[in-house]
2 protein chains.
Amino acid sequence: MNKSSTFDPDTLTPGARRILDTAAELFYENGITAVGVDLVAARSGVTKRTLYNRFGSKDTLVATYLLERDRRWRALVMRCVDARTAAVERIVAPFEALREWSADNPRGCAFINALAELPDPGHPAHRIALDEKRWLRDLFERSAEQAGAEHPADLSERLFCLHEGALAMQATAPDVDGAHIAAGLAHEVARAAL
Amino acid sequence: MNKSSTFDPDTLTPGARRILDTAAELFYENGITAVGVDLVAARSGVTKRTLYNRFGSKDTLVATYLLERDRRWRALVMRCVDARTAAVERIVAPFEALREWSADNPRGCAFINALAELPDPGHPAHRIALDEKRWLRDLFERSAEQAGAEHPADLSERLFCLHEGALAMQATAPDVDGAHIAAGLAHEVARAAL
DNA sequence: GGGAATCTTCACAGATCAGTGTACGAAGGA
DNA sequence: TCCTTCGTACACTGATCTGTGAAGATTCCC
């Protein structure tokens, strides 16, 4: 029995796993509101009844989708950060992660899109999306501190701004490699602040 | 008779004017999909029939809402640009416009939100949103050219990235003044490129 | 063999949504 | 006076959406 607003994406029944994979693809590609549970169930090769038996509600399915995406993104970022030793390189590592991530995710940031689609601040997706952003800002700040930056908070806010800009550019300027541009700027900003 | 996908927001009957004003507020605050035409009509003090007699469809109303917002934004930007003479100041003027704009628009960029909510590329809102972004990029590039920048396209892409980042931060980091941070960065980037 | 968990089948409820048809009233210009 | 424009009143359609109820099949573990 799970009454919470999300499920642990790592411990799912086979059917639930297929549902979540299908939902992740459909929600990201076509938008959360535009995709109905009937479609998710049909494309998963599963009954709608199973979907509700596993997830309880569409909102919970949406939240679980975002939660898993969050975990995958954080893991990728930490892999990039840990692979580097130089202070500046560690600071800008999330931008390298973003370049990798962007290749498979051309429709911008799933969390920003979710915030836009679900205006109700009480929706569980809000907390997940805001937590993800907060986590990245804090990571920037920790890296800046460890690099000996004079004003780690200022630097982290600047880097975060560049990161959000790169993500937004995927949707608003598809002809330009936003992640590449932001990465270049991030290097300069970080070097200047150290 | 108007068969196009938008109406000229400057030539509207009194009823249509009220409908568009109400729709603009509701769509921006609560999201386009979440707001039904019944609510828009009721809040405008108008019948749903009048809404459809004036605008023909919800999609057209949405497109007209975005079109008017686009015009207001462009007018504000041009006012800020024209008020300055120094080359660098003219380049970063849109960021000053953004600081003014952000005060009344805390839910991020209406165009990005519309793109997230309406995944169908054929929706008239898409063209309007992408045109708006393209216009700003071109404005940055023209300003960079006039200032004698060595690589105007590169500079404009960087400034655009900062601009998109500032907008996205409104939704993802409400505790920080994204427009202020981006404006500071834009100054440095512009000066370095001249 | 017994029992629990997983998933299927399928009809159905209840709500909401965009959009329409028709008839009518009021104002203003030619 | 006639005609057009603008708006009202209100019922109604057809589609779609989330979510439920109840009964049965399969699998796997004890």
Side-chain angles (χ1 to χ4, degrees), chain A residues 1-23 26-27 30-65 114 117-120 122-125, chain B residues 1-23 26-27 30-65 114 117-120 122-125:
Chain A
M1 186 166 42
N2 187 322
K3 293 185 180 179
S4 81
S5 60
T6 56
F7 286 76
D8 185 349
D10 294 338
T11 61
L12 294 178
T13 64
R17 182 72 262 165
R18 287 208 310 280
I19 292 169
L20 189 56
D21 288 342
T22 308
L26 288 174
F27 285 158
N30 302 97
I32 293 168
T33 314
V35 171
V37 288
D38 292 271
L39 179 62
V40 174
R43 285 272 261 274
S44 314
V46 151
T47 333
K48 189 166 57 162
R49 202 72 191 84
T50 300
L51 189 153
Y52 277 95
N53 282 343
R54 291 300 114 224
F55 293 95
S57 72
K58 184 183 179 179
D59 283 351
T60 304
L61 177 60
V62 169
T64 309
Y65 143 63
E117 281 200 75
L118 312 167
D120 174 18
H123 194 291
Chain B
M1 186 166 41
N2 187 321
K3 293 184 178 178
S4 81
S5 60
T6 55
F7 286 77
D8 185 349
D10 294 338
T11 61
L12 293 178
T13 63
R17 182 72 262 164
R18 287 208 309 280
I19 293 169
L20 189 55
D21 288 342
T22 308
L26 288 173
F27 285 158
N30 302 96
I32 293 169
T33 314
V35 171
V37 287
D38 292 88
L39 178 62
V40 174
R43 285 270 261 274
S44 314
V46 149
T47 335
K48 189 165 57 160
R49 202 74 192 80
T50 299
L51 189 154
Y52 276 94
N53 283 342
R54 292 300 115 224
F55 292 96
S57 72
K58 182 183 180 180
D59 283 350
T60 305
L61 177 61
V62 169
T64 309
Y65 143 62
E117 280 201 76
L118 311 168
D120 173 18
H123 194 290

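To find a chain, count down the sequence lines: A is the first, B the second, and so on, and within it residues start at 1. Computed over heavy atoms, backbone and side chain alike; hydrogens, waters and symmetry mates excluded.
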Value in whole Å for how far the P atom of dC17(C) lies from CG of Asn30(B): 12 Å
With sequence neighbours left out, what residues match Asp120(B) under salt bridge (charged side-chain N to carboxylate O under 4.0 Å, His left out)? none
Salt bridge (charged side-chain N to carboxylate O under 4.0 Å, His left out) against Arg49(B), all qualifying residues, sequence neighbours excluded: none
Pick base, sugar-phosphate or nothing for Thr50(B), based on heavy-atom distances below 4.0 Å to the nucleic acid. base
Take atom CG of Asn53(B) and atom C1' of dG21(C), then tell me their distance rounded to the nearest Å. 11 Å
Evaluate side chain to side chain contact (heavy atoms under 4.5 Å, CB included) for Val37(B) paired with Lys48(B), printing each intermediate quantity in order. CA-CA 7 Å; Val37(B) 287; Lys48(B) 189 165 57 160; 3.9 Å; yes
Across nucleotides 9-26 of chain D, 5' to 3', mark each nucleotide with B, S or - according to how protein heavy atoms within less than 4.0 Å reach it. BB-------BBBBB----
Return the value, rounded to whole Å, for the distance between atom CD of Glu117(B) and atom P of dC17(C). 14 Å
Determine, stepwise, if the pair Val62(B) / Leu118(B) fulfils side chain to side chain contact (heavy atoms under 4.5 Å, CB included). CA-CA 10 Å; Val62(B) 169; Leu118(B) 311 168; 4.2 Å; yes
In whole angstrom, what separates Arg17(B)'s CZ from dC6(D)'s C1'? 17 Å
Which residue pairs pass the ring pair (Phe, Tyr, Trp, His ring centres under 6.0 Å) test when at least one of the two sits in residues 30-54 of chain B, sequence neighbours left out? none
Just the rounded figure in Å: distance from C1' of dT16(C) to CG of Leu39(B). 13 Å
Residues in salt bridge (charged side-chain N to carboxylate O under 4.0 Å, His left out) with Lys58(B), at least two apart? none
Indicate the ring-plane relationship of Phe7(A) and Phe55(A), choosing parallel, tilted or perpendicular according to the 30° and 60° boundaries. perpendicular
From CG of Leu61(B) across to C1' of dC17(C) the rounded distance in Å is 15 Å
List, with names and distances, any nitrogen or oxygen atoms from the protein found under 3.5 Å away from nitrogen or oxygen atoms belonging to nucleotides 25-30 of chain C.
none

Looking only at non-hydrogen atoms, find the nearest pair between Ile19(A) and Ser44(A) and report the distance. CA-OG, 3.5 Å
